[in-house]
Engineer: 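Quick one: the structure is below, questions incoming.
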Amino acid sequence: MAHAQRTQRQYRLSLPAPQVPTGDCNLWSILKNAIGKELSKITMPVGFNEPLSFLQRMTEYMEYAHLLRLASEQDDPISRMQYVAAFAVSALGSNWQRLGKPFNPLLGETFELERSEFRIICEQVSHHPPVSAFHADSEHFVFHGSIHPKIKFWGKSVEITPKGVVTVELPKWKEAYTWTNVNCCVHNIIIGKLWIEQSGTMEVVNHSTGHRAILDFKSGSSSKDMHRVEGFIVDKDKKKIKFMYGKWTELLRSTDPQSYEDYLKENSHKFKSEKEKKDSKLDSSPAHTPKRVLAKLNSLKVSPFKASVSTDNDDGPDDPPEGDIPPSESTYSIDIPNSVTLWEADQRPENSTDYYNFTRFAMALNEIDQELKGKICPTDSRLRPDIRKLEEGEVEGAATEKTRLEEKQRETRKRKSTTSKKEEKWKPRWFNLEPNPHTNQEDWIYQGGYWERNFEGIEDIF
Ligand code: CLR
């Protein structure tokens, strides 16, 4: 890949126009009619969108792709696992404070991106249910997978399960790693300030050596746990080899299990006093469900705070105030001796809050110039007029275009469903449903050929 010049290139650091405030429009008044629906069937006013297609949003997994190159450059499998796990966590970093809804990709929509560390091609391979497939590569790695975001309404919050496995292959080592992304929860959709939580267990498996990184994304039920991620790398006999810890919004570090144990012993008094401080703050607020929270904390496999929680009474850390501000983040950070930092999040641009809380990487995703226009596939997200209008601050124009595109898509579908000719039936152009060789589960596998850029006979979907 001729990337030398591209590395030098400067990408834009903001959008053509700042975000237009949504006004008083209440999210709940829209969502209450959408209970039980697929994410792609929920129509929301375009003012709740961010000017990116979900294919572009998915590409944000690649922001720290250099971690996969680093993984491939390591000679021992544990170091490789550390970097692959760091990549898996880093891929979620951009979700912090990102509350706009990306546009549903149209069926057959594609998105490509070439950067110094990788190139990626994405395609919307199914509309109902919505499935987006991607395939990224470089001389050091292959990263591919598909996402089918399943949404569940829980009254006050919305929970999104990104169904689908992702796979990293390191050709130099003939290794494959797979994992499933954790759940994402958007809180306070009825009242209060929206905030995003990612929680659950992520298990990165090296299928050749049997090493696993088992990472727990903690739920933000107390400020100390807010955004925290921690867990162990274990070998095939479940022996702990590394302790990894950090925050998905900020960084990931690694140390040896002994240093972690020692640190826990030496600092147990600190955790205690942290907790006592918290308790005294909470005294004035009514107790909600301390027992449940306690049980949750205690059920976590690893927690530096476990000792102080389990020996204590019931007045543990409490739920964040309902329908209120999100729990504040703890200011104290854990810094365990003999740690190395594997990943640190890029600072958001200064003007990020005026631009949908985009990262630097996200700002450039929809950027287009004459050169790009001349070579991308006609189905590329960058050519969607509704997204373009929104990034230019034209909310009404965006809404009109969005409706037009959706109607056009419906018409096409109707035409195709009534046709008897087999060749007119729609089929993804770049991906095919096949068993993933490493997990044997059905997966959307890239069929090759995109980068030869022969786009003849591609349908006009915009
Ligand atoms: C989270 C990380 C996963 C992939 C994934 C799938 C769906 C995304 C979600 C991520 C982030 C939050 C998200 C969601 C779709 C809609 C939702 C962008 C990227 C936004 C915040 C819209 C919420 C509006 C509801 C209240 C309806 O690996």
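Numbers for residues simply follow the sequence, beginning at 1. Start at 1 and go down the list; that is how both ligands and their atoms are numbered.
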Engineer: So, R388 and E401, do they make that salt bridge, N to O below 4.0 Å?
Structural biologist: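 No.
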
Engineer: Counting C-beta onward and ignoring hydrogens, is there a side-chain heavy-atom pair between M81 and K242 closer than 4.5 Å?
Structural biologist: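 The answer is no, as the side chains (C-beta and beyond) never meet within the 4.5 Å cut-off.
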
Engineer: Please classify the V182 to ligand 1 contact at 4.0 Å (heavy-atom distances, strictly less than): side chain, backbone, both or neither.
Structural biologist: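 Answer for V182: neither.
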
Engineer: List ligand 1 atoms under 4.0 Å from Q198, heavy atoms only on the residue side.
Structural biologist: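 With Q198 as reference, the close atoms of ligand 1 come out as 2 (C).
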
Engineer: With atoms numbered from 1 as shown, which atoms in ligand 1 lie under 4.0 angstrom from a non-hydrogen atom of P162?
Structural biologist: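 Answer, ordered by atom number: 3 (C), 4 (C), 28 (O).
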
Engineer: Counting only heavy atoms, which portion of L194 has something under 4.0 Å from ligand 1: side chain, backbone, both, or neither?
Structural biologist: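 No part of L194 is near ligand 1 at this cut-off.
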
Engineer: I want to know if ligand 1 touches R98 in the polar sense, i.e. an N/O pair below 3.5 angstrom.
Structural biologist: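 R98 vs ligand 1: no N/O contact under 3.5 Å.
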
Engineer: Taking 4.0 Å as the limit for heavy-atom contacts, which would you say applies to P102 with ligand 1: side chain only, backbone only, both, or neither?
Structural biologist: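 Near ligand 1, P102 shows its side chain, while the N, CA, C and O stay back.
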
Engineer: Under 4.0 Å from a heavy atom of I160: which atoms of ligand 1 are those, numbered in the order shown and with their elements?
Structural biologist: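 Heavy-atom distances to I160 below 4.0 Å select 7 (C), 14 (C), 17 (C).
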
Engineer: Salt bridge or not for R410 and E406, using N-O below 4.0 Å?
Structural biologist: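 Result for this pair is no, no salt bridge flagged.
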
Engineer: I want to check something: taking the side chain as every heavy atom from C-beta on, are E50 and F358 in contact at a cut-off of under 4.5 Å?
Structural biologist: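 Side chain of E50 against side chain of F358, heavy atoms only: contact under 4.5 Å found.
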
Engineer: State whether E230 and K218 are salt-bridged, where the test is any N-O pair (Lys NZ or Arg NE/NH1/NH2 against Asp/Glu carboxylate O) under 4.0 Å.
Structural biologist: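 Result for this pair is yes, salt bridge flagged.
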
Engineer: Check step by step if side-chain hydrogen bond (donor to acceptor under 3.5 Å, both in side chains) holds for D137 and Y446.
Structural biologist: CA-CA 11 Å; D137 59 20; Y446 177 54; over 6 Å; no

Engineer: Considering only heavy atoms, which of N95, V166, T180 lies nearest to atom 10 (C) of ligand 1?
Structural biologist: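 Shortest heavy-atom distance from atom 10 (C) of ligand 1: N95.
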
Engineer: Go through ligand 1 atom by atom and flag the ones less than 4.0 Å from a non-hydrogen atom of N181.
Structural biologist: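 Those of ligand 1 that fall under 4.0 Å from N181 are 28 (O).
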
Engineer: Is it true that F48 lies under 4.0 Å from ligand 1, counting heavy atoms only?
Structural biologist: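 Contact check F48 vs ligand 1: negative.
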
Engineer: Answer with yes or no whether the side chains of N366 and R12 bring together a donor and an acceptor at under 3.5 Å.
Structural biologist: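 The criterion, which ignores hydrogens and geometry beyond distance, is not satisfied for N366 and R12.
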
Engineer: For ligand 1, is any non-hydrogen atom under 4.0 Å from M58's backbone (N, CA, C, O), its side chain (CB onward), both, or neither?
Structural biologist: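 Neither; nothing of M58 gets under 4.0 Å from ligand 1.
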
Engineer: Should E411 and K414 count as an ion pair when the cut-off is N to O under 4.0 Å?
Structural biologist: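 Result for this pair is yes, salt bridge flagged.
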
Engineer: Is G100 near ligand 1, meaning one of its heavy atoms is under 4.0 Å from it?
Structural biologist: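 G100: in contact with ligand 1 (<4.0 Å).
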
Engineer: Decide whether R348 and T359 meet the rule of one side-chain donor and one side-chain acceptor closer than 3.5 Å.
Structural biologist: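 T359 and R348 do not have a side-chain donor-acceptor pair below 3.5 Å.
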
Engineer: Return the option from M44, K101, R57 holding the heavy atom at the smallest distance from atom 18 (C) of ligand 1.
Structural biologist: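 It is R57 that holds the nearest heavy atom.
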
Engineer: Show which atoms of ligand 1 fall inside a sub-4.0 Å distance from at least one heavy-atom site of Y61.
Structural biologist: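 Numbered from 1, ligand 1 contributes 3 (C), 4 (C), 28 (O).
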
